[in-house]
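In this text, all values refer to a predicted model and were calculated from it rather than measured experimentally. Order of the sequence lines sets the chain letters (A, B, ...), proteins ahead of strands, with each chain counted from 1.
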Amino acid sequence: MKKGDHLFLVDGSGYIFRAYHALPPLARKSDGLPTNAVLGFCNMVWKLMRDARNTDVGHPATHFAVIFDYSSKTFRNDLYPEYKANRSAPPEDLVPQFGLIRHATHAFNLPCVEMEGYEADDLIATYCHMAEEAGADATIISSDKDLMQLVSPSVSMYDPMKDHQIGVPEVVERWGVPPEKMIDLQALTGDSVDNIPGVPGIGPKTAALLLEQFGDLDTLLARAGEIKQPKRRQSILENTDKVRLSRQLVTLKRDVPITETPDDFLLEPSNGPKLVAFLKAMEFTTLTRRVAEATGTDAAQVEAAFIPVEHGASAHGPDMEIVSSQTDDKVQDTPEKQDTDEKDEGDTPARLAAQRARAAATEKIDVEAYITITDLQTLKDWIDEAFETGIVAFDTETTSLDPMQAELVGFSLATRPGRAAYVPLGHRQGAGDLLGGGLVEGQLPMREVLAQLKRLMEAPSVLKVAQNLKYDLVVMNRHGIDIAPYDDTMLLSYVLDGGAARGHGMDFLSEKWLGHKPIAFGDVAGTGKKFIGFENVAIDKATHYAGEDADVTLRLWQVLKPRLAATGLVSVYERLERPLAPVLARMEQRGILVDRQILSRLSGELAQNAAAIEEEIYALIGERINIGSPKQLGDILFGRMGLPGGSKTKTGQWSTSAQLLEDLAAEGHELPRKIVDWRQLAKLKSTYTDALPGFIHPETGRVHTNFAMAATTTGRLSSSDPNLQNIPVRNAEGRKIRTAFIADKGHKLISADYSQIELRVLAHVADIAQLKQAFAEGADIHAITASEMFGVPVENMPSETRRRAKAINFGIIYGISAFGLANQLSISREEAGAYIKKYFERFPGIRDYIEETKATARELGYVETVFGRRIHYPEIRAPNAAVRAFNERASINARLQGTAADIIRRAMVRIEPALEKAGLSARMLLQVHDELIFEVAEDEVEATIPVICNVMENAPMPARTLSVPLKVDARAAHNWDEAH
DNA sequence: ACAGAAGCTTA
DNA sequence: GTAAGCTTCTGTT
């Protein structure tokens, strides 16, 4: 073996188990010999050998071996008798397959290596080491983390089933430490599967952190006294010996006294007849045929090999059957019929829309026709062309999905269907190994191009069309470019077909309306670990992709825009959607200030408290299970400990929901309470205190969420990366998170939220006199409801009575059912049904409203908000009663939730001009469905609050005047917790 | 690696 | 009983 050679080492034992568990039971037809793991192994090796010989997937293999465990006893058992002690015996129908797989390896003409006293991993380590010494490369075929300590610049890992390569960067990304520190990390964390102790309470995240702090394990152990977190420090000090032992156990032996050298593993050509003979013996018909074809073997001429089976195979069998996997995905989404009347004569909007749709679906798209622009004159010509046509579709290509992080790589323009061009700006070459790599030559300079682009983007006479414009708006704003006027095809689709389609992404819309499947982003830029970033995509490929995006966007606009007028949705689009995009773009760009110190302190507290509860839980159950695993938890709680188990989930697991555990706690059980408490702490820590700091932008120092405009069916926004619409508020522990959201120096946060907006909307749309009066008088709405229902006075009302009325009020908003109400109130379904009946007797208007909503939803297939937004329920007529009932409840809720969403959208669109008019500098930062958060200079707080409240309370006007007043509560404070 | 389930956070 | 998004665990190609 020499420099330039490439040794492939297959972790045979690993794949046996993986194949066995991944594949359905399979047995040889003639005698019932179980063979599923053998088939999985053969398929994997066959694919791997083809890839390994193939020069264009990388450095081809020159040497090749499959390594197996010899037996379960190894030198590690001498070190630590408990090692892998919790492993149970392999399943009965796997046992005979161990031998068969060794036969398979021989049939592939591959060496089969194993050695008494050592695990396969040790042999792999030894051979990798030898390859490295010889200057050769090695690839380990496995995805086992135990092998990651071997990764180096010349040793990588590869998983052929997932086509996933693991090199040094992947190890660092996955575990937070380089491969040479994997041993230290594993020693700290331990491994429950192999029964390696480690330090309790230290997981990979903490271990990586500690190793980064102290450099390596020895230093860490020597200076453990310096660890700040008392719990963590104590835990490590107490377990020093265990850690040292764990390190010995996880360290792979690189000097196994091997009998075969890598030179013995020289890759030989496959022996077609030999392999086919084996596969025939296994009765793998498909693979036999495939291998015969590929190796030029006449399978009919080959006799099945005789394979001796070590363990009686006939014991298995009669109950096994070959399970064929059926995956006939039903394609059911044909473009639905349009709500247009094509019998009409003349050029009605509906006719025009239908014509456009038909035309668009028949025109072909040719990505080869797009042009790459590399000189300024051509760019100017294209911009002139856009000025002539008055419309241009465009799309920006960047390095990131996050517009605040994205660097501009290029952009595309389309002036007519089929006529598109791409302007590359930031494509790089020779990236990867070398540091970044330089710009590809021949690209226009960013500055001059942006000046030209600005001229076009801000030209009042040219309509700019984009898909998800808000993204481009943020990216362009960061380069000092504004975009106006504009249309957004995603928002058009959302307004036209909200609820009717599976999302409003461009790929989906293109298939639906143009009958054309665009090039997938993943096909040009890669996905997962093969993702290279758009800046590293070749310019010709980028031109096809980006040109197509602009072309498709323009064609979609031609189809969708006419439908707006045809369906009477122009005002929804123009009042509630289009103007909101730049408002949200600004909010996202501003971001909110988050105090890192507060979160870090909270994280420490949570870790400590959780660890304490963890120990109490372990003491109670007498075992260190993974508390975060509902499966393990259920088994212990209801299986071994025999607690009165409630329901099971649909997958047959015991349910361990908070509700159920609370009930058990109420019956006096100690453990469930602790589990609920632990979960709360774990949730707060992982989702908030640990994750949020990672979202602080390196330059702005603030957190910039992404608001999705077209994600919900009802018209609400959603927030992600991070989601700032679900920051805890309901209990004291969680509210501490909110104290980390703060205003800048000299500023305060104002939180302004609508009081009971959905109930007010209900009172208005259902026209309920008692409710309207209660709101007009500013009365307690739940108490009034209770008083009406139960005939008790509002004065001195028992809190339980009010609570029930409140649950019913919310139930109405959610499309009430006896089942749901019963659950909510922990009462019987009969009792809940009686409440609902009583409620409808007192408020017959609400029953009428519900019935009317269901009827129109069924008749039209959609419901409308007060402002005319349509929300489609294509399944409202489903034959399945449960599906139908769900759609009915959703449609009842949609009118209320959607109207409230429309109202706050209107407020958001108006608030900035109102503040400006009042000469105030307040900046809107967040929306949380019925709440708006602003950052305001301290000396402007007093003046700002009434402006905000005024805009919000009058937001429905003048389009609609509600018969119920809207009420907004607003407060200012230095942090979000106090302001709310 | 990825998808789905379970669980938890919000309005 | 409505509407969302995120984390962890688990099973699977």
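- Residues passing the ring pair (Phe, Tyr, Trp, His ring centres under 6.0 Å) test with His929(A), sequence neighbours excluded: none.
- For the ring pair (Phe, Tyr, Trp, His ring centres under 6.0 Å) test, residues two or more places apart in sequence or in another chain that qualify with Phe741(A) are Trp976(A).
- Contacts between residues 719-726 of chain A and DNA chain C, defined by a heavy-atom separation under 4.0 Å, are made by Ser719(A), Ser720(A), Asp721(A), Asn723(A), Asn726(A).
- Within the nucleic acid shown, Ala822(A) has no heavy atom closer than 4.0 Å to any nucleic acid atom.
- Between Arg716(A) and Glu758(A) there is a salt bridge, since a side-chain N of the basic residue sits under 4.0 Å from a carboxylate O of the acidic one.
- Applying the side-chain hydrogen bond (donor to acceptor under 3.5 Å, both in side chains) criterion to Tyr754(A), with sequence neighbours excluded, gives no partner residue.
- Looking at heavy-atom distances under 4.0 Å, Ala901(A) makes no contact with the nucleic acid at all.
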Protein-nucleic acid N or O pairs under 3.5 Å, nucleotides 9-13 of chain C:
unit_1, atom_1, unit_2, atom_2, d
dC9(C), OP1, Asn626(A), OD1, 3.3
dC9(C), OP1, Asn626(A), ND2, 2.9
dC9(C), O3', Ser629(A), OG, 3.2
dT10(C), OP1, Ser629(A), OG, 2.2
dT13(C), OP2, Ala22(A), O, 3.2
dT13(C), O2, Arg18(A), NH2, 3.4

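- Between the CZ atom of Arg760(A) and the CG atom of Leu896(A) there is a distance of 14.5 Å, given to the nearest 0.5 Å.
- Note on Thr712(A): every side-chain N or O is 4.0 Å or more away from OP1 and OP2 of dA3(C).
- Using a 4.0 Å heavy-atom distance criterion, Arg716(A) is classed as a base contact.
- With sequence neighbours excluded, the residues satisfying side chain to side chain contact (heavy atoms under 4.5 Å, CB included) with Gln824(A) are Ala807(A).
- Using cut-offs of 30° and 60° on the angle between ring planes, the pair His504(A) and Tyr494(A) is perpendicular.
- Along DNA chain B, the stretch of nucleotides lying under 4.0 Å from any heavy atom of chain A spans, 5' to 3', dA1(B) to dA11(B).
- Under the ring pair (Phe, Tyr, Trp, His ring centres under 6.0 Å) criterion, Phe707(A) pairs with no residue at all, not counting sequence neighbours.
- Surrounding CZ of Arg624(A) are more than 12 heavy atoms belonging to other residues, nucleotides or ligands, all under 6.0 Å away.
- Ala708(A) comes within contact range of no nucleotide atom at all, as no heavy-atom separation falls under 4.0 Å.
- For the segment residues 675-689 of chain A, residues with any heavy atom less than 4.0 angstrom from an atom of DNA chain C are, sorted by number, Lys683(A), Ser686(A), Thr687(A).
- In this structure, Leu821(A) reaches the bases: a heavy-atom distance under 4.0 Å links it to at least one base atom across the strands shown.
- The side chain to side chain contact (heavy atoms under 4.5 Å, CB included) check on Asp159(A) picks up Tyr15(A), Arg18(A), Ser143(A), Met161(A), Lys162(A), His164(A), with sequence neighbours excluded.
- Counting to the nearest Å, the P atom of dA3(C) and the OH atom of Tyr494(A) are 12 Å from each other.
- By the side chain to side chain contact (heavy atoms under 4.5 Å, CB included) test, Asn43(A) is found to be paired with Leu39(A), Leu287(A), Arg290(A), residues two or more places apart in sequence or in another chain being considered.
- Residue Ile727(A) contributes atom CD1, which lies 11 Å from atom C1' of dG5(C) at whole-angstrom precision.
- Ring centroid separation for the pair Tyr839(A) and Tyr835(A) does not come in under the 6.0 Å cut-off.
- Under the rule for a side chain to side chain contact (heavy atoms under 4.5 Å, CB included), the partners of Val172(A) that lie at least two apart in sequence or sit in another chain are Val168(A), Pro178(A).
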